[in-house]
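Working notes, structure below.
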Amino acid sequence: MKEQLNLNFEEAIKRLEEIVKKLESDNLSLDESLKLFKEGIELSDYCNRKLDEAERQINIVLKGSNGELIETEFNFEEE
Amino acid sequence: MDSVIFSVSQLTKYIKEIFDYDDVLNDVIVKGEISNFKLHSSGHMYFTLKDNDAKIRCVLFKGYSSKLKFIPEDGMSVIAYGCVTVYERDGQYQLYCRKLEPEGYGSLYLAFEKLKEKLDKEGLFSEERKKKLPIFPRKIGVVTSSTGAVIRDIINVSTRRFSGVKIILYPAKVQGEGAAETIVEGIKYFNSRDDIDVIIIGRGGGSIEELWAFNEEIVARAIYDSKIPIISAVGHETDYTISDFVADVRASTPSHAAEMAVPRFDELKFKINSYQETLYKCLNNKIKKDLLYLGSLHQRLMNYSPNNIILQNMQYLDNLRNKLEHTVLQKLTTSQSQVELLKTKLLNIGSNVVLERRSNFSVLVGKMDALSPLKILKRGYAFVEKDEGIVKSVNELDIGDDIILHFCDGNVKCNVLEKMEVNL
């Protein structure tokens with residue numbers, strides 16, 4: 001699971017797809033299958049968690065007094 | 001010389017024909033400033049084009065005026081395409097316009113085509129260079145005006161599809177002086193960060209001048225140089241700009257851009273969950289298959305176990321024994337049935353003999369009965385006894401002998417009185 005923390009969502013999904021394909025191809029040892037299965041479940045949990053964790057956030061980039069660009073919350077009026 | 005006298009109509013008609021057969025007047029492009037502009041309730045437009053020294057009356061009929069991308073007004077410099085002919089009733093020649101463009105449009109269009117060709121040759125539009133959009137962007141950078149419908153549409157559509165989306169707006173000038181520069185800055189700014197997954201650049205619909213910033217070479221090159229995938233969403237469905245061609249993806253509208261950038265939350269969820277299901281299924285199948293195989297191997301192994309060999313031999317033995325018993329038993333039953341058969345035959349013969357004897361006996365009895373002396377006596381005969389012997393002839397008797405006459409139901413003592421011989 002540790003190495004997966006470095007994966008972004010796309011990489012995780014891609015790896016998950018790979019694992020599913022590999023498992024479906026079916027000429028793996030039981031040990032390999034179990035290992036892949038475990039990794040796959042961890043990846044899908046991770047993807048699900050990433051989706052659930054995401055929060056809406058709308059920011060705007062503004063020029064500070066010294067010309068530096070600062071990101072602040074964008075108070076956007078919704079209808 | 002005879003002077004021909006024309007009627008006004010004839011003359012006007014003659015003049016009109018001269019106009020109509022003239023190649024230049026039939027297809028003419030005129031540059032001028034609009035004055036006396038009038039939009040009639042019928043939809044036709046009437047105006048005058050003028051420059052410093054001359055004027056010409058113009059008309060733009062409804063069929064053409066409805067296609068204009070701008071509203072003409074007095075003082076506007078335009079280029080008119082059409083033909084010049086005579087309006088007979090007023091005796092006026094007029095320019096009948098087919099198309100009207102604000103002046104400068106033509107040069108812009110030319111510049112657009114030129115730049116497009118140049119960048120195309122350089123390979124800026126090449127498909128191989130185009131980056132794929134991420135499946136699940138965490139942060140979307142938007143380069144557009146901080147006011148107006150574009151950013152609102154993008155935020156609305158994005159959050160509707162996936163409430164967890166993060167949007168960062170880089171406020172840019174999207175038209176007028178310096179617009180291209182701010183768009184470039186925006187693209188560069190997002191590229192300087194490492195957390196932006198996709199960039200949307202865009203603005204709402206407008207005239208070619210209003211959209212022009214997106215046709216600038218610096219914008220095109222900034223898009224091309226961007227490491228982050230860019231969606232270009234400029235104007236309406238029908239508007240095409242250089243940035244649309246360079247961008248990795250062209251969206252017809254800003255809302256469409258948001259739809260392309262942001263995945264639908266439920267679809268993603270569904271995808272992940274179906275993968276998870278497949279994982280379980282695969283593993284289950286694998287285990288089931290392995291178990292099955294293990295079972296068959298076990299079976300094969302058991303076939304060769306000593307125990308099995310003993311059992312098999314025992315069974316063979318049992319079989320042999322069964323066969324043996326069976327044969328013996330069969331022989332026994334055959335003999336038994338033979339004995340039975342003989343027995344019945346014998347019995348049959350025996351009973352026949354008895355029956356025969358019995359019937360012979362009854363015949364004899366009958367015969368004996370018929371011969372019984374008693375029976376004869378009953379018929380009225382009697383026999384004579386003398387000195388305890390039966391007298392069978394008259395010669396055995398003498399007169400005066402005592403004899404006993406035997407009847408069937410008793411005897412009488414008699415004395416012989418007379419002898420009469422009968423010759424039979």
Side-chain angles (χ1 to χ4, degrees), chain A residues 7-63 67-79, chain B residues 132-143 146-147 149 151-152 154-156 158-160 162-172 185-186 188-190 192-193 195 197 263 265-269 271-287 289-291 294:
Chain A
L7 290 178
N8 65 28
F9 186 86
E10 276 78 21
E11 286 163 340
I13 283 267
K14 215 172 147 190
R15 177 76 186 132
L16 182 56
E17 280 168 349
E18 258 172 42
I19 286 172
V20 168
K21 252 185 218 155
K22 249 191 198 165
L23 269 176
E24 278 173 334
S25 77
D26 183 53
N27 31 28
L28 296 166
S29 72
L30 185 64
D31 270 358
E32 275 177 299
S33 297
L34 274 172
K35 218 175 118 194
L36 283 175
F37 172 76
K38 196 165 162 259
E39 193 189 340
I41 293 296
E42 277 168 359
L43 280 168
S44 60
D45 283 348
Y46 167 80
C47 287
N48 263 327
R49 214 167 44 245
K50 276 271 149 190
L51 283 179
D52 293 334
E53 272 170 4
E55 279 170 34
R56 182 188 139 123
Q57 195 188 333
I58 292 154
N59 288 351
I60 185 166
V61 180
L62 293 174
K63 257 190 191 136
E68 218 176 311
L69 292 169
I70 317 155
E71 187 185 318
T72 57
E73 218 169 289
F74 180 44
N75 286 317
F76 173 75
E77 298 201 359
E78 284 172 83
E79 69 258 53
Chain B
K132 265 195 169 173
L133 297 182
I135 308 167
F136 171 48
R138 283 157 300 180
K139 283 187 186 170
I140 301 170
V142 181
V143 181
S146 61
T147 57
I151 185 66
R152 194 178 62 220
I154 290 173
I155 290 170
N156 283 345
S158 306
T159 51
R160 194 172 63 227
F162 183 37
S163 55
V165 75
K166 290 190 173 78
I167 292 170
I168 299 147
L169 169 68
Y170 186 94
E185 276 164 24
K188 282 188 175 156
Y189 167 74
F190 285 131
S192 73
R193 297 171 58 139
D195 58 344
D197 299 305
F265 181 73
D266 46 359
E267 277 171 9
L268 268 181
K269 274 268 175 187
K271 196 171 175 179
I272 293 166
N273 291 338
S274 75
Y275 279 149
Q276 208 166 40
E277 251 169 56
T278 317
L279 280 177
Y280 277 111
K281 227 187 269 166
C282 280
L283 197 74
N284 270 343
N285 284 347
K286 169 89 188 147
I287 289 171
K289 234 181 209 173
D290 283 358
L291 273 179
L294 197 66

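Residue numbers start from 1 in every chain, and the chains themselves are labelled A, B, ... in the order their sequence lines are given, proteins ahead of strands. Computed from a predicted model, the values in this text were never measured in an experiment.
Only the side chain of B:L283 has a heavy atom closer than 4.5 Å to any heavy atom of chain A. When heavy atoms are compared at a cutoff of 4.5 Å, B:Y189 approaches chain A solely by way of its side chain, counted from C-beta outward. Neither the backbone nor the side chain of B:N285 has a heavy atom closer than 4.5 Å to any heavy atom of chain A. For a residue to count as touching a neighbouring chain, one of its non-hydrogen atoms must lie under 4.5 Å from one of that chain's; by this rule B:E185 touches chain A with the side chain only. Both the backbone and the side chain of A:I60 come within less than 4.5 Å of a heavy atom in chain B. Interface residue A:I41: backbone and side-chain heavy atoms are both found under 4.5 Å from chain B. Using a 4.5 Å cut-off between heavy atoms, B:K281 does not touch chain A at all. Contact annotation for A:T72: neither backbone nor side-chain heavy atoms come within less than 4.5 Å of a heavy atom of chain B.
The distance from atom CG of B:N273 to atom CG of A:N48, rounded to the nearest 0.5 Å, is 5.0 Å. Put simply, CG on A:L51 and NZ on B:K271 are 11.0 Å apart, with the number rounded to the nearest 0.5 Å. With rounding to the nearest 0.5 angstrom, the CD atom of A:E71 is 7.0 Å from the CG atom of B:D195. Rounded to the nearest 0.5 Å, atoms OH (A:Y46) and CD1 (B:I272) are 11.0 Å apart. To the nearest 0.5 Å, atom OG1 of residue B:T278 and atom NZ of residue A:K21 are 12.0 Å apart. Note that SG of A:C47 is 8.5 Å distant from CD1 of B:I135, once rounded to the nearest 0.5 Å.
Proximity of B:Y275 to A:I19: side-chain heavy atoms (C-beta onward) are nowhere separated by under 4.5 Å. Considering only heavy atoms from C-beta on, A:V20 stays 4.5 Å or farther from B:C282 through its side chain. Between A:L16 and B:L279, some side-chain heavy-atom pair lies under the 4.5 Å cut-off. Taking 4.5 Å as the limit, every side-chain heavy atom of B:L169 sits out of range of all side-chain heavy atoms of A:I58. When side chains are defined from C-beta on, A:N59 does not count as touching B:K166, because their heavy atoms never get closer than 4.5 Å.
Contact tally against chain A (heavy-atom pairs below 4.5 Å) for B:L268, B:D290, B:D197, B:I167: the top residue is B:I167.
Using a 4.0 Å cut-off between charged side-chain N and carboxylate O, A:E32 and B:K286 make no salt bridge.
Annotation for B:K269: atom NZ counts as buried by contact number, over 12 foreign heavy atoms lying within 6.0 Å.
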